[in-house]
Every structure is written in structure tokens, then in C-alpha cells.
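Here the structure is a predicted model, which is why all the values come from computation and not from measurement.
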Amino acid sequence: MIYFFTLKLKKETNSDFFNKVFQIVEMIPCGKVTTYGLIAQKAGLKSSARMVGWALNSYAFSTRLPCHRVVNRNGELTGKKYFGTPTMMRELLESEGVEFVNDRVDLKKFLWTPEIAL
DNA sequence: CGGGTGACTTTAC
DNA sequence: CGTAAAGCCACCC
């Protein structure tokens, strides 16, 4: 199964925020998901959930991050259009055991909350 | 420096 | 269910 993207980084980043974002995403366990908002909060920019998605698209798309495990607050796969095919992201999650309800991840069962001390 | 653009979130109607 | 607006902040003109 393919969990990671291994292309080259488009750019280097020295941003503390982004590095923390990557560190957090890297820790998401198999079969769990987390949200942009939680990551942003743990990375230090409480209200900048947009930056998390932006960071993934610009930098991480390419590192070895399980970025399919990041969904929005409602469990919707808002980033699926960046996975090649519209169904790829969901397939990856389902292959890890994540269940969906009405095209959304069942967050009550599969939400993972980052609890790290950065 | 300023305006546009988001893998977002929240509130409001 | 839907749309709108505001706040958010790095990046790219």
C-alpha cells in the first residue's frame, strides 16, 4: 500500500511553523485522521488552518507525509483533488480501516488529536 | 507595499 | 442542506 509521497521538495523551508506541521503530520497513526485546525493550533498558529493545507500543497506533497490523514473539521476530504484521482484519498484511508459516513470520515471514531510537546 | 489566492474555521442568515 | 463574510498568513506577482 502506498502511504507516502516521495517526490522531491519543491522548496526548502526554514519556517518553524511548517516544520512543526510536518512533524505532527508525520505522527498521525495509521487508521486515524486529524484536522487542519488542530494541527495549526499545535504548531503555534492557532487560527491559521489555511496555512496547514497550504504547507502540504507547497512543501509536503512531496516529503514522506501521510497527508491523506489530514481532513477538515467536518471530516470532509477537501484535499482529494490533489491526489491524482478524486477517489485516491478515500481509498487510502479506507485501506487503513477508516470508515466513512456520507462522504465524510467518522470523526467520532477516527479522529486523532496531536498531543505532543513541541 | 498592495492585491489576489487558498487542502480552513466560525458565525450568521 | 446552502451561501456570505471575516479572520487568518505565506507566497506570488
If you look only at pairs with a residue in residues 79-95 of chain A, which of them pass as a salt bridge (Lys or Arg N to Asp or Glu O under 4.0 Å), with sequence neighbours excluded?
-> Arg90(A)-Glu94(A), Arg90(A)-Asp103(A)

Phe18(A)/Trp54(A) aromatic ring centres below 6.0 Å | yes

With a cut-off of 6.0 Å (strictly less than), are more than 12 heavy atoms of other residues, nucleotides or ligands near CG of Asn74(A)?
-> yes

CZ of Arg73(A) versus P of dA7(B): gap in Å, rounded?
-> 20 Å

Send over the distance from Asn57(A) CG to dA7(B) P, rounded to a whole Å.
-> 7 Å

Please tell me which of Trp54(A) and Arg104(A) maps to the more 5' nucleotide of DNA chain C, matching each residue to the nucleotide holding its nearest heavy atom.
-> Arg104(A)

Below 4.0 angstrom, N of the basic side chain to O of the carboxylate: do Glu96(A) and Lys32(A) qualify?
-> no

Contact list (N/O, under 3.5 angstrom) for nucleotides 2-4 of chain C vs protein:
none

Spacing of Arg69(A) atom CZ relative to dA7(B) atom C1', expressed in whole Å = 17 Å

Applying side chain to side chain contact (heavy atoms under 4.5 Å, CB included) between Leu77(A) and each of Val33(A), Thr87(A), Val71(A), report the one that passes.
-> Val71(A)

Do Ser48(A) side-chain atoms and Met51(A) backbone N/O form a donor-acceptor pair below 3.5 Å?
-> no

Ignoring hydrogens and angles, tell me if any N or O in the side chain of Arg69(A) forms a donor-acceptor pair with the backbone of Ile28(A) under 3.5 Å.
-> yes

What pair of heavy atoms forms the shortest contact from Thr35(A) to Val70(A), and how long is it?
-> C-CG1, 4.3 Å

For the pair made of CG in Leu92(A) and P in dA7(B), what is the distance, rounded to whole Å?
-> 19 Å

Within-4.5 Å side-chain heavy-atom neighbours: Leu38(A) and Trp112(A) | no

Find every protein N or O atom lying less than 3.5 Å from an N or O atom of nucleotides 7-9 of chain C, and list the pairs.
unit_1 : atom_1 : unit_2   : atom_2 : d
dG7(C) : O6     : Arg50(A) : NH1    : 2.6
dC8(C) : O3'    : Ser48(A) : OG     : 3.1

Hey, does the side-chain of Tyr36(A) have a donor or acceptor N/O within less than 3.5 Å of a partner on the base of dA7(B)?
-> yes

Separation of dC8(B) C1' from Ile39(A) CD1 (nearest whole Å) = 11 Å

Atom CG of Asn74(A) and atom P of dT10(B): how far apart are they, to the nearest Å?
-> 9 Å

